[in-house]
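The next block holds one structure in the form of C-alpha cells; read it before the comments.
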Amino acid sequence: MALNFRFAIASDLHIAVPNTIAEQAHRFHLVEVSIPAFEVVLENLSKLDIDFLLLPGDLTQDGELENHTWLSKKLATLPYPVYVVPGNHDVPTKFTNDYSIGLADFPTYYHHCGFDYEERLYYTKQILPGVRIIGLNSNQFDSSGKQEYTGGLEAEQLDWLKQVLTTTKEELVMVMLHHNVIEHLPDQSHNSLGRRYMLENRLALLDILQSAGVKLIFTGHLHVQDIAEYQGIYEITTGSLVTYPHPYRIINFTTDSSGQQSLKIESHRVNSLPNFPNLSDISRNWLGDRSFRFMFKLLTNPPVNLSPEIAEKLAPSLRYFWADIAGGDAVFNFPEFPPHARQYFESFSTTNSIDNNATLLLQ
C-alpha cells in the first residue's frame, strides 16, 4: 500500500488556565503562554490538510482537573483526530488528591483521543488504512503512589505490546510515549541529570520494536528538538510549547513510485503572541535567567567534576547553553574551558543538523 499522509506534533503543552498558574520562583515553564500558544498552533494547523495531531504527554501544568477539563473539551472540537499519552506532569501522583487527577482518571478525560478502554493507560488504534498508532504509558509509581524518578513500562504493558505487534505485519506502526527511549544527549542514560528523562527499561522496548520492524517513536519530556536513531529506529522528540523555542512539527509521510517511504519533518515556532510580542527573546532569556544552578551542577557533577570555585566562574558562559540545545541543531565552542570540560560541552554540538528539518528514509 502506497501511504501518503500528513500530521502534526505539539508536545509538553503544560496547559494552565489563568487561575491555576503556580507562581514558583525557579520554574522553567512559561505556562502563561500555554493556552495562547496552543491556540496559535491550532489556528495554523487549520490552514493545513492534516490527518491527525499527536500530543506526547505533559498536556497540563501539573495534572489539575480544571486544566485537563479545558484541554479535553478543546480537543473534542477539532476537525481531525488527536492522540495523546500521559506525561509525568499529567499524573504527578498515582491517586487523586486535592490538587491533581490520579493515574486511573487520565483515560476518562481523553476517551476521544485514542483510549478505548477507560481502565487501561495504553492503547492501539488504526488511524488510517495501513497506519497504526500505539500509545504507551511510561509513568511508574512506587507502592505508596509516589511517582518514580525515571519512566518505565510494566511487564503487563510489554506483553500487551508484543501481542499487538503480532497483528501489524502489513501496517506502518508509530509508537508514542512521554519518556525518551533513545539518548538525545551525550551519555544521557548514565548522567544523573539526564537519566530522569529516559525510560528505565528502554532496551527491552527497543528489542520488541526492532523484532517487529517498527521504525518510528515519538516522545516529549526533555523539552528539546532532537531526532535520534538506534539500529534503524528513529525517535523524534519535540520541544515544549511553553519553553524556548515554542516549537511544533508538521510531518509528511510519502511513498514514491519505487516504494521508498520517507518522513519529511518541518519544524515551526510560535515567535510572538499578543501579550508577548517578542516571545522568542523573552523565553530564551527566561531560561538563561534560571540557568546558573543547573549549569553549576553540570560543571561540578561527573563527568566534568570541576571545583565549585571554577564552576562558579564558568557557569555564566553557559547561560544560553540549554536554550540552544532546546532549539536543536546547536554548535558549541568553549575555548576558555579546561580541556576535559570543553570536550564535554562541545560534544553536545549537532553533527548532522536534522533536529528541526529533515527527510528520513525508512528502509
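Keep in mind that the numbers below use all heavy atoms, side chains included, and drop hydrogens, waters and symmetry copies. Being a predicted model, the structure only gives us computed values, none of them experimental.
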When you look at D329 and N356, which way does the side-chain hydrogen bond (donor to acceptor under 3.5 Å, both in side chains) test go after all the steps?
-> CA-CA 7 Å; D329 300 315; N356 286 289; 2.9 Å; yes
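- The distance between the ring centers of F348 and F321 falls below 6.0 angstrom.
- Within the 4.5 Å cutoff, the side chain of N191 has no heavy atoms near those of the L185 side chain.
- Contact check for N201 versus L158: side-chain heavy atoms found under the 4.5 Å cut-off.
- Between the side chains of R342 and N333, at least one donor-acceptor pair of N or O atoms lies under 3.5 Å.
- Looking at Q157, its side chain does come within 3.5 Å of a backbone N or O of N137 through a donor-acceptor pair.
- In plain terms, the two heavy atoms of D226 and H184 that are nearest each other are OD2-ND1, 2.6 Å.
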Does the side-chain contact (heavy atoms from CB on, under 4.5 Å) test come out yes or no for I9 and L55, once each step is laid out?
-> CA-CA 6 Å; I9 308 172; L55 303 177; over 6 Å; no
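- Minimum heavy-atom separation, Q225 to P247: OE1-CG, 3.4 Å.
- The aromatic rings of F106 and F115 stand perpendicular to each other, their planes meeting at an angle above 60°, with 30° marking the opposite boundary.
- What you find for P86 and N139 is that their closest heavy atoms are O-ND2, 3.2 Å.
- The cationic group of R284 does not satisfy the cation-pi geometry with W286, failing either the under 6.0 Å distance to the six-membered ring centre or the 45° limit from the ring axis.
- Taking the charged nitrogens against the carboxylate oxygens, E266 and K264 do have a contact shorter than 4.0 Å, which makes a salt bridge.
- Side-chain atoms of I15 and V242, non-hydrogen and from C-beta on, never get closer than 4.5 Å to each other.
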Checking side-chain hydrogen bond (donor to acceptor under 3.5 Å, both in side chains) for the pair T93/Q147: CA distance, chi angles, key distance, verdict?
-> CA-CA 6 Å; T93 63; Q147 195 175 79; over 6 Å; no
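- For the residue pair N88 and H178, a side-chain donor N or O sits within less than 3.5 Å of a side-chain acceptor on the partner.
- Side-chain contact between P338 and L306 is present, with at least one heavy-atom pair separated by less than 4.5 Å.
- Aromatic ring centroids of F52 and F7 lie under 6.0 Å apart.
- Here H223 and H14 bring their ring centres to under 6.0 angstrom of each other.
- Applying the ring pair (Phe, Tyr, Trp, His ring centres under 6.0 Å) criterion to Y80, with sequence neighbours excluded, gives no partner residue.
- Inspection of the D105 and T96 side chains reveals an N or O donor paired with an N or O acceptor under 3.5 Å.
- In terms of modelled atom types and a separation under 3.5 Å, the side chain of R132 and the main chain of L165 share no donor-acceptor contact.
- Grouping the Ile, Leu, Val, Met, Phe, Trp and Tyr side chains by contacts below 4.5 angstrom, directly or via other members, places L48 with Y83.
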Evaluate salt bridge (charged side-chain N to carboxylate O under 4.0 Å, His left out) for E39 paired with K74, printing each intermediate quantity in order.
-> CA-CA 10 Å; E39 296 280 15; K74 171 60 70 172; 3.3 Å; yes
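- Counting heavy atoms from C-beta on, the side chains of V17 and Q61 never come closer than 4.5 Å.
- For the residue pair Q210/Q231, the side-chain donor-acceptor check at 3.5 Å is satisfied.
- With T60 as the fixed residue, the side chain to side chain donor-acceptor pair (under 3.5 Å) test singles out one of D90, T69, N67: D90.
- A cation-pi contact links R269 to Y244, judged by a cut-off of 6.0 Å to the six-membered ring centre and 45° from its axis.
- Applying side-chain contact (heavy atoms from CB on, under 4.5 Å) to F5 and the options D51, T254, I251 leaves one that passes, D51.
- Remark: side-chain polar atoms of T238 are not paired, donor with acceptor, to backbone N or O of A10 under 3.5 angstrom.
- Of the possible polar contacts, none joining the D12 side chain to the D58 backbone as a donor-acceptor pair under 3.5 Å is found.
- Across all their heavy atoms, V85 and G135 have their closest contact at CG1-CA, 3.7 Å.
- Remark: of the listed residues L78, V40, I50, I50 is the sole one forming a side-chain contact (heavy atoms from CB on, under 4.5 Å) with L45.
- Shown here for S138 and H179, the closest heavy-atom pair between the two residues is OG-ND1, 2.7 Å.
- Remark: side-chain polar atoms of T150 are not paired, donor with acceptor, to backbone N or O of L199 under 3.5 angstrom.
- The pair D142-K94 does not meet the salt-bridge criterion, since no charged nitrogen lies less than 4.0 angstrom from a carboxylate oxygen.
- Using a 4.5 Å heavy-atom threshold, the side chains of V304 and F345 count as touching.
- Aromatic rings of Y110 and H68 (six-membered ring for Trp) have centroids within the 6.0 Å cut-off, being under it.
- A donor atom on one side chain and an acceptor atom on the other are found under 3.5 Å apart for H246 and S283.
- Residues I21 and I101 are members of separate hydrophobic clusters, defined by side-chain heavy-atom contacts under 4.5 angstrom among Ile, Leu, Val, Met, Phe, Trp and Tyr.
- Taking the ring centroids of Y234 and Y230, they lie at or beyond the 6.0 Å cut-off.
- For the pair S262 and L361, the tightest heavy-atom approach, listed with the atom from each and the gap, is CB-CD2, 3.8 Å.
- The side-chain heavy atoms of V33 and L241, taken from C-beta on, include no pair separated by under 4.5 Å.
- Both L360 and L3 belong to a single network of hydrophobic side chains, linked directly or stepwise wherever heavy atoms of I, L, V, M, F, W or Y lie under 4.5 Å apart.
- Taking hydrophobic clusters as Ile, Leu, Val, Met, Phe, Trp and Tyr residues chained together by side-chain heavy-atom distances below 4.5 Å, I250 shares a cluster with L128.
- A 4.5 Å side-chain heavy-atom check between L287 and R319 finds every atom pair outside the cut-off.
- A donor-acceptor pair is defined here as one N or O able to donate and one able to accept, closer than 3.5 Å; no such pair exists between the side chain of E171 and the backbone of G130.
- Note on K125 versus D116: salt bridge recorded, some NZ/NE/NH1/NH2 to OD/OE distance being below 4.0 Å.
- In this structure, the side chain of E64 engages the main chain of D62 through a donor-acceptor pair within 3.5 Å.
- If you chain together hydrophobic residues whose side chains sit under 4.5 Å apart, L177 and M198 never meet in one group.
- Under the 4.0 Å criterion applied to side-chain N and carboxylate O atoms, R195 and E200 are not assigned as salt-bridge partners.
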